[in-house]
Amino acid sequence: MAYRPLRPVFRYGVALLSALTLGPLLESAFWAAIYADIPSSNLLPMIVCMAIAGVVGYYVASMLLEKSLRVFKGSWKGVLAVCAGAAVICLTVSMDLFGLENKIPALDEIQKVTLNGFTCMTFETDTAEGRQLTEQTLDIHRSILADKDYIYSMDRSKYGYRDTQYDEKWTYSSVWITYYLTDGSTLERGYTLPVFESRLQNADTFDGKLYQMAHSEEAMLQQLGVPEDSVPQIDVYIQGAEYGLSGNADHLMDALRQDAREGNLRTSVFPYWEGEATDDFYDVRLHISFLAKRDDGSYTGSAESVTLCSTMTHTIDALVAEGYLTQEQMTSIQDGDYAFIADLEE
């Protein structure tokens, strides 16, 4: 402010910051409700709101520089420059001139991918299965981008711009995709997506593709969180207490993996309503301590915890077969009767 040649930088810098911060707030407060159902129509209101906010910032900066409120005379050129700048910024973002919104890496550029939100998965492209899952992830990503207008219009409804009622079950699901590229860089994208029950069985929609991925065998196994080549030890906790129950951990681990493959685990359910009728959880927790093999051949300790539920039929059978619990005790647990714990405590 004291160095005169830098005053224009300060003036237009404040205008830019004002446009970028206050402009979207004005658009959300005054225009979003009107244009909620027409996704492409938000461009003009955003330009107008950012121009207004930018002009306000321009005059505030001018008043600070001149230490006076009399800054309006002869300022039309600066105002035009701010309005033109707001239009250029909005058009550049809307048209994605730099290709940032639609940027998707090629399969050969990807070393590893992580998916979070609707599921939690990590896979690398150095195996045939990993490449297949990566291709499936890229397909999901392309479907999301292809449906961006639909997603945007639904996003307006989520924030209350429309009191929309639907005759079917639906929810919002977060999707975070992180690509770890072979050149050492990463590309991360996050979306909040509307998921409708009627679209889940349609493999051409992003809803259906998310559903297929979340219910794939690999996704179910990764829900369990215990690597195939690990060395497990499983402790059984009933109503929060451990009673020294033990048995063949390898056999029990195989049963847990089989339940995972068949989608019987309920550690994560997508969409949420699929767990409404089947989530009959017992007050029994399996604490899995395991040694996982590192890339260098050494092992590191880790742990996972799984709550037993009625759908885990293979695990229930293995708990009895391997002597962790007797058939009578398991039947009591399924009936909600934990009185036998008193005998274990003795």
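- Side chain of T171 to main chain of V195: no donor-acceptor pair is present (N/O by atom type, distance under 3.5 Å, no hydrogens or angles).
- Side chain of S143 to main chain of D139: a donor-acceptor pair is present (N/O by atom type, distance under 3.5 Å, no hydrogens or angles).
- Side-chain atoms of N248 come within 3.5 Å of backbone N or O of H251 as a donor-acceptor pair.
- Using a distance-only test at 3.5 Å, with no hydrogens or angles considered, no donor-acceptor pair links the side chain of S230 to the main chain of P232.
- No side-chain donor-acceptor contact under 3.5 Å links E304 and H287.
- Here L80 sits in one hydrophobic cluster together with W76; the rule is ILVMFWY side chains under 4.5 Å apart, joined directly or through other members.
- Between V82 and G54, the closest heavy-atom pair is CG1-C, 3.5 Å.
- Residues I238 and I341 have side chains in contact (heavy-atom distance under 4.5 Å, counting atoms from C-beta outward).
- Side-chain contact, E218 with Q222: a donor N or O sits under 3.5 Å from an acceptor N or O.
- No side-chain donor from either of R285 and T307 sits under 3.5 Å from a side-chain acceptor of the other.
- A donor-acceptor pair under 3.5 Å is absent between the side-chain atoms of E322 and the main chain of L319, judged by distance alone.
- Between I333 atom CD1 and L308 atom CG the span is 7.5 Å, to the nearest 0.5 Å.
- From Q223, atom CD reaches atom CG of N264 across 10.5 Å, with rounding to the nearest 0.5 Å.
- In the hydrophobic clustering of ILVMFWY residues, with side-chain heavy atoms under 4.5 Å counting as a link, I234 and V320 come out together.
- A pairwise comparison of heavy atoms in A19 and A53 identifies CA-CB, 3.9 Å as the closest pair.
- The shortest distance between side-chain heavy atoms of F10 and L65 falls below 4.5 Å.
- The minimum heavy-atom distance between K209 and A203, with the atom names listed, is CE-O, 3.0 Å.
- You'll find the side chain of T182 stays beyond 4.5 Å of the side chain of I110, heavy atoms only.
- Atom NE2 of residue H314 and atom OG1 of residue T311 lie 10.5 Å apart, to the nearest 0.5 angstrom.
- Atom OH of residue Y179 and atom CD of residue Q111 lie 15.0 Å apart, to the nearest 0.5 angstrom.
- Put simply, Y12 and M63 are part of the same group of oily side chains (I, L, V, M, F, W, Y) that touch within less than 4.5 Å, one to the next.
- In this structure, the ring pair (Phe, Tyr, Trp, His ring centres under 6.0 Å) partners of Y191, at least two apart in sequence or on a different chain, are H141.
- Take E217 and apply the side-chain hydrogen bond (donor to acceptor under 3.5 Å, both in side chains) test, not counting sequence neighbours, and it matches no residue.
- Taking both residues in full, the closest heavy atoms of P194 and D207 are given as O-OD2, 3.2 Å, listed atom of the first, atom of the second, then distance.
- In this structure, the ring pair (Phe, Tyr, Trp, His ring centres under 6.0 Å) partners of F72, at least two apart in sequence or on a different chain, are Y59.
- Applying the salt bridge (charged side-chain N to carboxylate O under 4.0 Å, His left out) test to pairs two or more places apart or on separate chains, those with a residue in residues 83-109 are E101-K148, D108-R131.
- With hydrophobic clusters built from ILVMFWY side chains whose heavy atoms lie under 4.5 angstrom apart, L193 shares a cluster with I177.
- In terms of modelled atom types and a separation under 3.5 Å, the side chain of S216 and the main chain of M213 share a donor-acceptor contact.
- F206 is not listed as a side-chain neighbour of V175, based on a closest heavy-atom distance of 4.5 Å or more.
- Within the 3.5 Å criterion, the main-chain N or O of G78 finds no donor-acceptor partner in the side chain of S75.
- Put simply, the side chain of T92 gets close to the backbone of V88: a donor and an acceptor are under 3.5 Å apart.
- D259 is linked by a salt bridge (Lys or Arg N to Asp or Glu O under 4.0 Å) to nothing, counting only residues two or more places apart in sequence or in another chain.
- A tilted orientation is assigned to the rings of H215 and Y211, their planes being inclined by 30° to 60°.
- In terms of modelled atom types and a separation under 3.5 Å, the side chain of D183 and the main chain of S185 share a donor-acceptor contact.
- If you chain together hydrophobic residues whose side chains sit under 4.5 Å apart, F118 and L221 never meet in one group.
- Rounded to the nearest 0.5 angstrom, L265 CG and T315 OG1 are separated by 7.0 Å.
- Between S198 and E168, the side chains place a donor N or O and an acceptor N or O closer than 3.5 Å (distance only, hydrogens not considered).
- Side-chain N or O atoms of T134 include one that pairs as donor or acceptor with a backbone N or O of G130 at under 3.5 Å.
- Using a 4.5 Å heavy-atom cutoff, the side chains of L115 and T137 are in contact.
- Here SG of C309 is found 8.0 Å from OH of Y282. Values are rounded to the nearest 0.5 Å.
- Minimum heavy-atom separation, M220 to A260: CB-O, 2.5 Å.
- Taking hydrophobic clusters as Ile, Leu, Val, Met, Phe, Trp and Tyr residues chained together by side-chain heavy-atom distances below 4.5 Å, F196 shares a cluster with I151.
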